[in-house]
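Encoded as structure tokens, the structure appears first; notes follow it.
Given the structure is predicted, the values throughout are model-derived calculations rather than measurements.
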Amino acid sequence: MDKVVMIGVFDFVNFHVCKALLDKGIEVRGVQIETEDESDILVEKRLEIGRNANFTEVSLGDISNDSNENEAIVLSVYDLYMRYKEEYLLNENMLLKLITKNQWEPIVILVPSQMLSEDIDSKAEEIIEDFINRIKVQNEKVHLLYLPTLYGPWQPDTFMFQSSILSEMNRGKPFRGLREETGDALFVQDTAKLLVEIIENHEPGRYLLQSGKSNQWDKCAAFLRINEQESNRLMKIKEENLTKMIVTSTLPISVGLAKQIEHAHRIYSK
């Protein structure tokens with residue numbers, strides 16, 4: 001895999017995956033869908049990767065007009081879901097058409113782990129399930145990479161961890177409610193490395209990334225002194241043809257969250 005197109009390149013998870021790809025010398029063309037990020041935050045993100053000669057920011061139109069042969073495409077439905085932007089998946093002339101009409105090798109979709117539940121009961125989850133099913137009708141060779149809560153620098157305030165951090169800084173907005181999966185939690189930079197390894201070296205299929213440890217989300221919440229009574233844990237999941245992958249942790253929870261807190265202070269205290 002030498003070339004990758006990333007849709008929503010400046011969103012939380014995709015941004016870290018992009019950096020991991022660039023670190024391996026892989027050429028990335030990034031498209032940013034409409035975002036709620038403040039302009040100065042986008043400037044910061046562009047500064048982090050814009051100087052890399054292997055990165056080019058392009059438009060959806062640029063991508064749609066190319067042949068895209070021997071090029072992978074990565075779409076983070078996970079980021080759209082956590083931003084409450086899953087309605088973008090309903091626009092057939094945007095993402096669905098782009099993914100299904102071209103010869104991508106491979107198609108990679110990052111998915112919230114809630115989509116593995118045997119009970120899909122929210123409108124957002126129904127939209128995501130329908131989108132994935134329609135892509136698979138056109139191309140069965142799809143990497144579906146399921147993710148629990150991810151934490152670390154650039155986490156949006158739609159996650160409880162970042163919302164709590166910003167509230168401590170008096171920069172928080174009203175929290176919209178618990179949307180992330182609370183059964184597990186992974187440091188985003190460690191996760192991005194494994195995502196790239198799966199895309200490069202594993203066959204298309206369904207993969208669930210896990211910490212392999214108990215109560216990681218609860219431990220993160222305890223470190224941040226969050227007293228959360230709600231729970232959004234996966235109970236029964238669709239196990240068929242599902243490969244479970246353990247993310248190798250390079251940092252203790254306390255250090256990973258300290259990095260997130262330090263980063264939030266640097267970005268939001270300007």
Side-chain angles (χ1 to χ4, degrees), residues 6 8-24 28 30 35-38 41-42 44-49 74 76-83 110-113 145-169 171-172 175 178-199 208-213 215-226 228 232 245-269:
M6 303 201 71
V9 67
F10 294 118
D11 290 339
F12 173 46
V13 183
N14 253 4
F15 185 65
H16 285 281
V17 174
C18 176
K19 290 169 65 178
L21 289 166
L22 292 173
D23 286 345
K24 297 195 72 173
V28 177
T35 177
E36 292 179 355
D37 268 349
E38 300 169 18
I41 291 178
L42 278 177
E44 288 282 343
K45 289 180 176 179
R46 287 186 170 107
L47 285 174
E48 278 198 32
I49 61 175
V74 179
S76 180
V77 171
Y78 182 97
D79 284 316
L80 291 177
Y81 175 78
M82 284 308 303
R83 284 184 169 276
L110 310 184
V111 189
S113 56
L145 308 180
Y146 294 88
L147 308 173
T149 293
L150 302 185
Y151 66 91
W154 296 116
Q155 190 189 59
D157 60 8
T158 49
F159 287 80
M160 182 166 284
F161 298 164
Q162 186 75 345
S163 177
S164 173
I165 291 167
L166 295 181
S167 292
E168 290 286 326
M169 298 169 57
R171 294 295 302 268
F175 188 57
L178 190 65
R179 206 171 216 206
E180 65 259 44
E181 196 252 304
T182 60
D184 203 357
L186 304 169
F187 186 56
V188 67
Q189 292 172 357
D190 293 336
T191 305
K193 291 176 183 177
L194 180 56
L195 288 171
V196 172
E197 195 272 328
I198 293 172
I199 296 167
L208 171 62
L209 276 64
Q210 299 177 306
S211 67
K213 302 173 184 176
N215 303 316
Q216 290 296 93
W217 193 94
D218 293 334
K219 292 174 183 177
C220 291
F223 179 83
L224 294 171
R225 300 189 298 277
I226 296 172
E228 178 53 42
N232 194 15
M245 306 282 287
I246 301 299
V247 175
T248 301
S249 176
T250 60
L251 298 172
I253 283 173
S254 58
V255 177
L257 286 171
K259 285 180 174 290
Q260 181 170 338
I261 293 168
E262 179 184 6
H263 181 267
H265 279 268
R266 180 174 67 82
I267 295 299
Y268 291 96
S269 296

How about [X] and [Y]: do any of their side-chain heavy atoms sit closer than 4.5 Å?
X: Gln260; Y: His263; value: no
X: Leu21; Y: Met6; value: yes
X: Leu145; Y: Leu110; value: yes
X: Lys45; Y: Ile49; value: no
X: Leu224; Y: Tyr151; value: no
X: Val9; Y: Cys18; value: yes
X: Phe187; Y: Pro252; value: no
X: Ile41; Y: Tyr268; value: yes

Query raised in the report: Can Ser113 and Glu181 be counted as having a side-chain donor-acceptor contact under 3.5 angstrom?
Result: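 There is such a pair between these side chains.
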
Looking at every heavy atom in both [X] and [Y], which two are closest together, and how far apart are they?
X: Ala264; Y: Leu166; value: CB-CD2, 4.4 Å
X: Asp190; Y: Thr250; value: OD1-OG1, 2.7 Å
X: Gly152; Y: Phe12; value: O-CE1, 4.0 Å
X: Leu209; Y: Pro148; value: O-CD, 3.3 Å
X: Met82; Y: Thr158; value: O-OG1, 2.6 Å
X: Arg266; Y: Glu44; value: NH1-OE1, 3.7 Å

Query raised in the report: Name the one of Leu195, Leu186, Leu150 that satisfies side chain to side chain contact (heavy atoms under 4.5 Å, CB included) with Val247?
Result: Leu186

With a sphere of 6.0 Å drawn around [atom1] of [X], does it hold more than 12 non-hydrogen atoms of other residues, nucleotides or ligands?
X: Lys259; atom1: NZ; value: no
X: Glu197; atom1: CD; value: yes
X: Lys19; atom1: NZ; value: yes

From [atom1] ([X]) to [atom2] ([Y]), nearest 0.5 Å:
X: Met169; Y: His265; atom1: CE; atom2: NE2; result: 4.5 Å
X: Ile267; Y: Glu262; atom1: CD1; atom2: CD; result: 11.0 Å
X: Asp157; Y: Arg83; atom1: CG; atom2: CZ; result: 8.5 Å
X: Glu168; Y: Ser163; atom1: CD; atom2: OG; result: 10.5 Å

Query raised in the report: Given Ser211, which of Thr191, Asp184, Thr248 fulfils the side-chain hydrogen bond (donor to acceptor under 3.5 Å, both in side chains) condition?
Result: Asp184

Query - Parallel, tilted or perpendicular: ring planes of Phe10 versus Phe15, cut at 30 and 60 degrees - result: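 Because their plane-to-plane angle lies in the 30° to 60° range, the rings of Phe10 and Phe15 count as tilted.
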
Query raised in the report: Are the aromatic ring centres of Phe161 and Trp217 under 6.0 angstrom apart?
Result: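 So the answer is yes for these two rings.
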
Query - Under 3.5 Å donor-acceptor, Gln155 side chain and Gln162 backbone - result: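 Pair found, side chain donor or acceptor close to backbone of Gln162.
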
Query raised in the report: Just by modelled atom types, is the Ser76 backbone N or O under 3.5 Å from a matching donor or acceptor in the Asp11 side chain?
Result: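 Not at all, since once roles are kept as given, no pair shorter than 3.5 Å links the two residues.
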
